[in-house]
Amino acid sequence: MDKILVLDFGGQYNQLIARRVREQHVYAEIKPYNKITVEEIVEIGYKGVIFTGGPNSVYDEKSPHYDPAILDAGIPVLGICYGDQLMAFMAGGKVDSAENSSEYGKTTLFTDNNVLFKDVPKESICFMSHTDYISEPPAGFKTIAHTPKCPCAGMCDEERKLYGVQFHPEVTHTIFGTQILKNFIFDVCECNMDWTMEDFIEKTVARYKEELKGKRVLLALSGGVDSSVAAVLLNNAIGENLTCIFVDHGLLRKDEGDFVEKTFKGQFGLNMIRVNAQDRFLSKLAGVTEPEKKRKIIGEEFIRVFEDEAKKIGKVEVLAQGTIYPDVIESGKGDSAVIKSHHNVGGLPDVIAFDEITEPLRDLFKDEVREVGEKLGIPYELVWRQPFPGPGLAVRVIGEITEDRLALLREADAIFREEVANAHCEKMTNQYFAVLTDLRSVGVMGDARTYGRTIVLRAVTTDDFMTAEWTRLPFEVLEKASNRITNEVPGVSRVVYDITSKPPATVEWE
Ligand code: XMP
């Protein structure tokens with residue numbers, strides 16, 4: 001399989017670059033600049049290398065540099081932003097600081113005739129974000145693009161197949177960015193389009209049939225997209241030898257536990273154990289109001305329940321986890337890059353005896369996991385499920401958690417989701433749900449005064465959940481949800497919409 005290496009110099013778009021390449025059905029992987037040598041790059045046989053951007057200036061003492069031998073290794077290189085300046089610097093060109101005239105945002109790009117700009121108009125819009133610029137391309141390089149402020153917005157040494165662009169082709173603001181990346185991947189690197197999800201499924205299933213032959217595999221199934229896709233993929237390879245444990249902690253949304261069970265046990269014939277542990281969780285949570293304490297109790301109890309079930313199965317050789325690529329990527333920011341530790345169910349590997357861990361999705365981005373899910377025939381509701389926190393509705397019932405309060409929230413939440421779906425607004429928002437507050441307020445129904453609960457509706461729009469905007473859902477949707485909740489859910493007298501972004505608020509209320 002042809003591969004492109006994204007060599008990370010600490011740029012914020014490293015994952016985006018790799019995803020853009022993979023969208024062209026060419027496999028791309030990210031490595032920090034200080035974790036792979038030129039010899040290794042040659043040995044692995046990458047068809048091309050992309051240097052990412054980064055926050056530094058090439059003249060900073062601490063700025064990340066790379067072995068110049070890469071430029072003569074016979075492998076095409078594309079430098080982006082800092083990567084472009086670094087390539088110029090390594091090859092003996094001149095980089096200057098344009099401190100008073102840094103370029104940020106959309107800019108008009110003028111391109112020359114060059115393979116990198118095949119099917120790109122002479123004049124188009126690109127996205128710039130830089131202070132330093134190449135004032136003199138290195139010997140052997142020629143300038144192939146410019147902007148009103150940047151004399152060398154693109155350069156190349158055709159003989160050595162070295163290309164650089166000052167702008168960011170990976171972001172959508174660069175209108176012909178995808179075309180430029182395609183030109184590099186296919187015309188310069190001569191890659192084949194051999195990265196497809198059908199192929200991934202076929203190869204993974206075939207590999208597991210061999211590797212896991214006769215081994216017993218255990219998976220914690222949450223009903224989220226990652227563990228669901230991992231489960232079906234493994235089931236296709238080893239069937240009965242896979243045991244999935246689905247812990248229903250009683251903090252799921254309306255009908256969710258039954259839906260997960262029906263889908264996996266029924267449709268896919270998965271060897272699945274559903275543990276109905278509602279009582280265990282509710283009794284541990286009785287009287288607890290502090291959010292972090294709720295989280296801790298649920299996390300710990302989850303492990304205990306899982307452990308008890310696993311013990312019944314006996315010896316397990318392999319533990320499978322739904323880890324995905326963004327969880328395992330090391331960043332090229334600074335020298336002390338660490339791998340983010342990630343366990344779908346915190347701490348499981350420490351308490352269950354097993355010989356090895358397998359992570360079927362560790363090479364895939366989220367959108368690829370979804371595509372695999374669709375190809376495997378997993379229902380739309382699961383494949384496109386919005387994120388749902390591990391502690392579930394416990395962090396959406398403010399204050400004490402009781403069965404009655406959970407039931408009330410489940411109804412209100414189901415109505416809200418139904419109305420968003422009825423209005424086809426799911427694509428407007430990345431996460432949306434109801435919260436039951438501990439606030440009571442006065443209302444009037446018929447001729448009687450009421451003193452009921454307050455429900456909050458929350459919907460956010462975000463790329464990464466680190467920051468989020470409140471979603472501008474149509475008033476009609478909010479009105480309908482509010483009317484229905486106050487009419488259909490006894491005990492609710494007021495519905496409010498949360499119009500706070502993150503920061504300063506968080507997505508969840510607790
Ligand atoms: P916050 O509330 O921190 O949420 O802005 C960001 C995203 O993380 C989810 N979230 C959690 N997920 N366990 C989880 O598995 C948790 O304790 C937890 N708290 C928040 C939240 O739903 C949102 O998608």
Side-chain angles (χ1 to χ4, degrees), residues 219-230 245-254 256-257 260 277 281 284-285 288-303 305-306 321-324 326-327 340-348 361 365-367 369-370 381-399 401 406 409-410 412-414 416-417 420 426-437 456-471 473 497-510:
L219 174 89
L221 183 68
S222 70
V225 53
D226 302 341
S227 65
S228 299
V229 173
I245 298 181
F246 170 54
V247 177
D248 184 344
H249 50 24
L251 305 163
L252 299 171
R253 288 169 295 196
K254 191 178 175 184
E256 203 163 15
V260 171
F281 281 87
K284 281 264 155 51
L285 287 166
V288 179
T289 54
E290 212 261 305
E292 286 316 300
K293 201 160 171 206
K294 287 182 185 173
R295 281 193 168 80
K296 197 156 178 279
I297 291 171
I298 294 164
E300 276 175 14
E301 196 57 19
F302 193 96
I303 294 172
V305 173
F306 194 86
Q321 299 200 125
T323 315
I324 68 170
D327 302 323
K340 260 202 291 175
S341 73
H342 173 97
H343 300 302
N344 283 335
V345 219
L348 271 189
L361 311 175
F365 284 112
K366 194 83 175 186
D367 40 356
V369 173
R370 291 206 159 104
E381 297 94 300
L382 277 175
V383 169
W384 290 98
R385 208 176 98 138
Q386 52 168 315
F388 185 63
L393 299 183
V395 291
R396 294 179 183 171
V397 169
I398 310 302
I401 300 155
L406 282 169
L409 176 59
R410 266 191 203 106
D413 183 70
F416 182 39
R417 286 188 291 130
V420 170
E426 297 110 316
K427 293 257 154 79
M428 278 181 78
T429 170
N430 301 98
Q431 197 172 5
Y432 53 106
F433 52 87
V435 177
L436 173 63
T437 68
V456 175
L457 303 181
R458 176 89 164 132
V460 294
T461 307
T462 172
D463 283 332
D464 56 8
F465 295 92
M466 306 291 279
T467 60
E469 278 286 323
W470 60 275
T471 305
L473 283 177
Y497 190 50
D498 183 347
I499 53 166
T500 336
S501 292
K502 174 185 180 178
T506 51
V507 174
E508 301 291 345
W509 267 48
E510 283 200 334

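Quick note: residue numbers are just sequence positions, from 1. In listed order, ligands and their atoms are each counted from 1. Values below: every heavy atom of this structure, side chains too, minus hydrogens, waters and symmetry copies.
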Engineer: Taking side chain to side chain donor-acceptor pair (under 3.5 Å) as the definition, give me every residue that meets it alongside K366, ordered by chain and number, with sequence neighbours left out.
Structural biologist: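 Side chain to side chain donor-acceptor pair (under 3.5 Å) list for K366, sorted by chain: D226.
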Engineer: Tell me, which residues have any heavy atom less than 4.0 Å from some atom of ligand 1?
Structural biologist: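 Heavy-atom contacts below 4.0 Å: R295, P387, P389, G390, P391, Q431, F465, K502, T506, V507, E508.
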Engineer: Show the nearest heavy-atom pair for residues G257 and D248, with the distance to one decimal.
Structural biologist: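 What the structure gives for the nearest pair is CA-OD2, 4.1 Å.
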Engineer: Minimum heavy-atom separation for R458 to V507, with atom names?
Structural biologist: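 Distance-wise, the nearest heavy atoms are NE-O, 3.1 Å.
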Engineer: Is the closest side-chain heavy-atom distance between K294 and L285 below 4.5 Å?
Structural biologist: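 Answer yes - side chains close enough.
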Engineer: Please report the closest heavy-atom contact between S222 and S227, naming both atoms and the distance.
Structural biologist: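 Minimum heavy-atom separation between S222 and S227: N-OG, 3.0 Å.
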Engineer: Minimum heavy-atom separation for N430 and Q386, please, with both atom names.
Structural biologist: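 The answer is O-CB, 3.7 Å.
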